[in-house]
Amino acid sequence: GENVEQHPSTLSVQEGDSAVIKCTYSDSASNYFPWYKQELGKGPQLIIDIRSNVGEKKDQRIAVTLNKTAKHFSLHITETQPEDSAVYFCAAVLNGKLTFGQGTILTVHP
Amino acid sequence: SAVISQKPSRDICQRGTSLTIQCQVDSQVTMMFWYRQQPGQSLTLIATANQGSEATYESGFVIDKFPISRPNLTFSTLTVSNMSPEDSSIYLCSVALSGRGVGQPQHFGDGTRLSIL
């Protein structure tokens, strides 16, 4: 069936390094790709999103890139800080519903 | 954005009982959704709560088990009926602030953490 694959499942970096999380999707008709950050005990927080008519979007230390041909999109976090530590989820609209990846546990070590 | 409040934030229930979860938004929204997040897992859409009509359920979820109400544009409830330990999960409400269709930004409440004994 239609799904979203997310990699890696865990990612550990040193403070100040960059972190990259990648997702692939199966439905070529997908046109909306949000990223969420979920901290312990909290609901997912929308941090950035991109639509299929755009190849890249940036918001301060966070950027998302989209390759429609290859059906994959990535989250890039630069100059990571300990407060970036959380679970990150990508998502895509598949079959008329928002479908989430499996999540990436990001740990930023001071 | 909007402030999305869910009640209760957590509960421990006995098997066979039912629990109603409330989702309140501080502004009118076009679309409201209910998700389930099993421990350490991703989010799965249960249903779309439609204002003034029956909810639209996803495959694997049925109205008898998860009845949903949405009496107005700021409030919805999800009931988890006849609970079993397999229903232990986080239940999340989300809203789309504008537009129609699922290709709109969704914002989540902090969820209800439900444990069934």
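All of these numbers come straight from a predicted model, not from anything done at the bench.
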Within a reach of under 6.0 Å around [atom1] of [X], are more than 12 heavy atoms found that belong to other residues, nucleotides or ligands?
X: A/I62; atom1: CD1; answer: yes
X: B/R15; atom1: CZ; answer: no
X: A/E83; atom1: CD; answer: yes
X: A/E79; atom1: CD; answer: no
X: B/L117; atom1: CG; answer: yes
X: A/E15; atom1: CD; answer: yes
X: A/K22; atom1: NZ; answer: no

Is it the side chain or the backbone of [X] that comes within 4.5 Å of chain B heavy atoms, both, or neither?
X: A/P44; value: both
X: A/Y36; value: side chain
X: A/Q38; value: side chain

Side chain, backbone, both or neither: which part of [X] has a non-hydrogen atom closer than 4.5 Å to chain A?
X: B/Q37; answer: side chain
X: B/R10; answer: neither
X: B/L45; answer: side chain

Minimum-distance pair of heavy atoms, taken over all atoms of B/L92 and A/G43: CD2-CA, 4.1 Å
Is it possible for you to say whether [X] and [Y] belong to one hydrophobic cluster, with membership spreading through side-chain heavy-atom contacts below 4.5 Å?
X: B/I90; Y: B/W34; value: no
X: A/V87; Y: A/V108; value: no
X: B/M83; Y: B/I46; value: yes

Option in A/G103, A/G101, A/P34 with maximal non-hydrogen atom pairs under 4.5 Å from chain B: A/G101
Closest-packed option against chain B by number of heavy-atom pairs under 4.5 Å, given A/I105, A/L46, A/T99: A/L46
Rounded at 0.5 Å granularity, tell me how far [atom1] in [X] sits from [atom2] in [Y].
X: B/Q104; Y: A/L98; atom1: CD; atom2: CG; answer: 11.0 Å
X: B/L43; Y: A/Q102; atom1: CG; atom2: CD; answer: 12.0 Å
X: A/N3; Y: B/S42; atom1: CG; atom2: OG; answer: 11.0 Å
X: B/Q106; Y: A/D49; atom1: CD; atom2: CG; answer: 11.0 Å

Any donor-acceptor N/O pair, B/D110 side chain to A/K42 backbone, under 3.5 Å: no
Contact leader toward chain A among B/E58, B/Q6, B/H107, where contacts are heavy-atom pairs under 4.5 Å: B/E58
